[in-house]
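Worksheet for the structure shown next.
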Amino acid sequence: MIIQSKEINRDIVENVDACVIGSGAGGAVVGAELAEAGFKTVILEEGGYYTPKDFNQKLIDMYPLLYRDNGGTSALGVPMVVVQTGRCIGGTTTINSGTCFRTPDKILSDWEKNHGLEGINSKYLAPFFERVEKIINVEPGARDVLGKNAGVLERGMKAMGLSGGPIPRNAKGCKGCGVCILGCPEGAKQSMDLSYIPRASQAGAKVYADCRADKIVVKNNRAGGVEGVVLNRETRKPAYKFKINAKIIVVAGGAIMTPLLLLKNRVANGNGEVGRNLRLHPCSRVAGIFKEEVESWKGILQSFYIDSYQNEGIMFEATSLPLSGLALAMPYYGLKQKELMVRYRNLADVGYLISDTSSGRVRAGLGHEPIVTYQINQADHEKSIRAAAILSEILFAAGAEKIITPIAGLPLLDSPKDIKKISEMKIKKHYVDYISFHPMGTCHMGKDPKKSVVNPDLESHEVKGLFVCDASILPTSTLVNPQLTIMAFATRLGFWLKENREKYL
Ligand SMILES: Cc1cc2nc3c(=O)[nH]c(=O)nc-3n(C[C@H](O)[C@H](O)[C@H](O)COP(=O)(O)OP(=O)(O)OC[C@H]3O[C@@H](n4cnc5c(N)ncnc54)[C@H](O)[C@@H]3O)c2cc1C
Ligand code: SF4
């Protein structure tokens, strides 16, 4: 049952076993696992509930409907980075690209060695990944809908002898319409709103949309419940109050809002770690201008990857942008920008993702707003410049006539010889244009209660029955897009709570 604010006409009181805050990659999965195991469960979601028929493919309408802060949440620093997250049933999975990679071994080994996650290796996690992959239908993007943007990257990959392939995705019967980040109008992408939330609901969980959790109730160092407000969908103003009495609380509001909630409530933060260790996976892009018509907007939005530089913390993914998005991302303006936009049909667009070691922080601001800060460090800056140079080389190898880099002030590259201009130019950090789709790490798991917020079973070191289960638990960058990692850990938490039920109920 998904209950929306328009159906609520009085204050709500519920007595349940488990209350999950957030319906995204972490919250929906653990909520469904708990409901299916017989836990009386409530899932709370601040955003609204929408279905594929609401997704009109227009950025101007979908940003306010589905994204937090209209897609404009910002991390202050040099450069400033826009950090996008979802705010709707399904969380960010409703507006993501559907890419599904398992956590690389290198990352899991680091977590085992340096964060006390002993035994949590790829073999141990395999059954959890398999379960998620089966439920959300993960398979490589089908060739007939990959699109020519993918074809260009594949050509460059082969010409340079690199490794990669069609991206594994959770889109059953994908039509390749390329608007995944505005909500899938075909209902193909198996985001949480179409997969785990219906499962949770069928198993008896009550899912409340438009309900923002504000207060975490703790009694004698044990989780007691969650209180908050029912928001009017149109005005976003509180209409009613709710009180959910629960012995298990799972906070899964995402890596920006989860620390904010804990900070506002002054819980689980004895060591001052909540909100620290923010990682962003800074992303940027390089576009190639080709003689052929690439029509990058036709086909799967994020379609093909190259992973040959993973050891350096760099990942390449062919990701097209809608016309208006690309115009915004261009490092030129005026006539120059117009000339390039006229060639939109001939542009191939490839994103790169930096596995960052830079660290930011989420602090509590006024009201319900976070203050997010992040400074890119020199090592990540250099990694990013190197990624732009390699990607330029790949696109030239694929036959590009000219290259548009994300570096302000750098002219178009006319030939592979020009790539050295990138290393010759003294590029300042704020000359590179970044966006972040993967905030992580702000309530990170670890064995040491002095250095982490939750233990490897995702329970607060301080409050029994209070768990965190979303991107905030990840101790470091994941090297790859993180949704599958989050879902695997959420599945594991569901199973762990089933086995340890008597400790809480
Ligand atoms: C445009 C875009 C494309 C992406 N593409 C990919 C991709 O292809 N592959 C991939 O792996 N990752 C992708 N990601 C990232 C991925 O979707 C996220 O990492 C993942 O969904 C995070 O899961 P989460 O559980 O931490 O939070 P979310 O999925 O963001 O869910 C958190 C939910 O909690 C709700 N919430 C927050 N606070 C409260 C509160 N106080 N009360 C009630 N509800 C609350 C929020 O409204 C939100 O709906 C993409 C992200 C974006 C923005
Ligand atoms: S390409 Fe179109 S059909 Fe396929 S998942 Fe994205 S939005 Fe849905």
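Note that this is a predicted model, so its numbers are computed, not measured. Start at 1 and go down the list; that is how both ligands and their atoms are numbered.
- When only non-hydrogen protein atoms are considered, atom 5 (S) of ligand 2 lies nearest to Arg169 NH2, 3.6 Å.
- Between Arg285 and Asp349, at least one side-chain N (NZ, or NE/NH1/NH2) sits under 4.0 Å from a carboxylate O, which counts as a salt bridge.
- The protein heavy atom nearest to atom 26 (O) of ligand 1 is Ala471 N, 2.8 Å.
- Regarding atom 47 (O) of ligand 1, its nearest protein heavy-atom neighbour is Glu45 OE2, 2.7 Å.
- Taking the six-membered ring wherever Trp is involved, the centroid distance between the rings of Tyr305 and Phe101 falls below 6.0 Å.
- Test Lys237, Arg87, Arg233, Lys6 against Asp210 for salt bridge (charged side-chain N to carboxylate O under 4.0 Å, His left out) and you get one pass: Arg233.
- Taking atom 45 (C) of ligand 1 as the reference point, the nearest protein heavy-atom neighbour is Glu46 CB, 3.9 Å.
- Using modelled atom types, no side-chain atom of Glu369 and backbone atom of Leu366 make a donor-acceptor pair closer than 3.5 Å.
- Per-residue contacts place Thr93 under 4.0 angstrom from the following atoms of ligand 1 (heavy atoms of the residue considered): 21 (O).
- At least one heavy atom of Arg68 sits under 4.0 Å from some atom of ligand 1.
- At a heavy-atom distance under 4.0 Å, no atom of Ser472 approaches ligand 1.
- The side-chain contact (heavy atoms from CB on, under 4.5 Å) check on Leu65 picks up Tyr50, Met62, with sequence neighbours excluded.
- Annotation for ligand 1: atoms under 4.0 Å from non-hydrogen atoms of His438 are 12 (N), 13 (C), 14 (N), 15 (C).
- With a 4.0 Å cut-off on non-hydrogen atoms, Ile486 touches ligand 1 through its side chain and not its backbone.
- Using a distance-only test at 3.5 Å, with no hydrogens or angles considered, no donor-acceptor pair links the side chain of Ser472 to the main chain of Asp470.
- The closest side-chain heavy-atom distance from Cys174 to Lys189 is not below 4.5 Å.
- Considering Asp210, Thr85, Thr99 only, the shortest heavy-atom separation from atom 9 (N) of ligand 1 involves Thr99.
- Numbered from 1 in the order shown, with element, the atoms of ligand 1 that lie under 4.0 Å from a heavy atom of Ile21 read 40 (C), 42 (N), 43 (C).
- Of the listed residues (Gly26, Gly71, Ala213), the one carrying the non-hydrogen atom nearest atom 41 (N) of ligand 1 is Ala213.
- Close contacts between ligand 1 and Ile181 involve ligand atoms 1 (C) [criterion: under 4.0 Å to a heavy atom].
- Salt-bridge check for Arg492 with Glu33: failed, with every basic side-chain N at 4.0 Å or more from each acidic carboxylate O.
- Neither the backbone nor the side chain of Cys100 comes within contact range of ligand 1; no heavy atom lies under 4.0 Å.
- For the pair Ser384/Pro282, no side-chain contact is recorded, criterion being any heavy-atom separation below 4.5 Å from C-beta on.
- Between the choices Asn96, Ile216, Val82, the shortest heavy-atom distance to atom 3 (C) of ligand 1 belongs to Asn96.
- The pair Arg68-Glu46 counts as a salt bridge, with a side-chain nitrogen and a carboxylate oxygen less than 4.0 angstrom apart.
- The structure places CD of Glu317 at 10.5 Å from CD1 of Ile306, a figure rounded to the nearest 0.5 Å.
- In Arg266, the CZ atom is not crowded: 12 or fewer heavy atoms of neighbouring residues, nucleotides or ligands sit closer than 6.0 Å.
- In terms of heavy atoms, Leu182 sits closest to Gln57 at CD1-O, 3.3 Å.
- At the top of the distance list for atom 23 (O) of ligand 1, counting protein heavy atoms only, stands Ala25 CB, 3.4 Å.
- Scanning all protein heavy atoms for the shortest distance to atom 24 (P) of ligand 1 gives Asp470 CB, 3.8 Å.
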**OP:** Evaluate the side chain to side chain contact (heavy atoms under 4.5 Å, CB included) criterion for residues Met440 and His281: first the C-alpha distance (whole Å), next the side-chain angles of each, then the deciding distance (0.1 Å), finally the verdict.
**Re:** CA-CA 8 Å; Met440 300 171 268; His281 266 178; 3.5 Å; yes

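- Contacts of Ile95 with ligand 1, taken as heavy-atom pairs under 4.0 Å, involve both backbone and side chain.
- Neighbours of atom 2 (Fe) of ligand 2 restricted to protein N, O or S atoms under 2.8 Å: the count is 1.
- Asp307 and Ser163 share a side-chain donor-acceptor pair at under 3.5 Å.
- Considering only non-hydrogen protein atoms, atom 31 (O) of ligand 1 sits nearest to Gly24 CA, 3.4 Å.
- Between the Asn245 side chain and the Asn15 main chain, no donor and acceptor come within less than 3.5 Å of each other.
- Among all non-hydrogen protein atoms, the one lying nearest atom 27 (O) of ligand 1 is Gly254 CA, 3.6 Å.
- Of all the atoms in ligand 1, the ones that sit under 4.0 Å from a non-hydrogen atom of Gln84 are 53 (C).
- Pro439 places a side-chain heavy atom less than 4.5 Å from the side chain of Leu278.
- Backbone and side-chain nitrogen or oxygen atoms of Gly90 are examined, and none is located within less than 3.5 angstrom of a nitrogen or oxygen of ligand 1.
- The shortest separation from a heavy atom of Tyr67 to ligand 1 is under 4.0 Å, placing the residue in contact.
- Between the CD atom of Gln483 and the OG atom of Ser97 there is a distance of 9.0 Å, given to the nearest 0.5 Å.
- Contact annotation: the side chain of Phe495 approaches that of Phe128 to within less than 4.5 Å [non-hydrogen atoms, C-beta and beyond].
- Heavy atoms of Pro439 come nearer than 4.0 angstrom to ligand 1 in no pair at all.
- Under a 4.0 Å criterion applied to the non-hydrogen atoms of Cys88, ligand 1 contributes the atoms 49 (O).
- The protein non-hydrogen atom at the shortest distance from atom 29 (O) of ligand 1 is Thr92 N, 3.0 Å.
- Checking only distances, Arg87 never comes within under 3.5 Å of ligand 1, N or O to N or O.
- Counting atoms of ligand 1 from 1 in the listed order, those under 4.0 Å from a heavy atom of Gly91 are 29 (O), 31 (O), 48 (C), 49 (O).
- Looking at Met257 against ligand 1, only its side chain comes within 4.0 Å, counting heavy atoms.
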Subject >> Audit row: Asn121, Asp105, side chain to side chain contact (heavy atoms under 4.5 Å, CB included) steps and yes/no >> reply: CA-CA 7 Å; Asn121 51 34; Asp105 288 351; over 6 Å; no

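- Contacts with ligand 1 closer than 4.0 Å are made by side-chain heavy atoms of Gln302 only, the backbone lying farther away.
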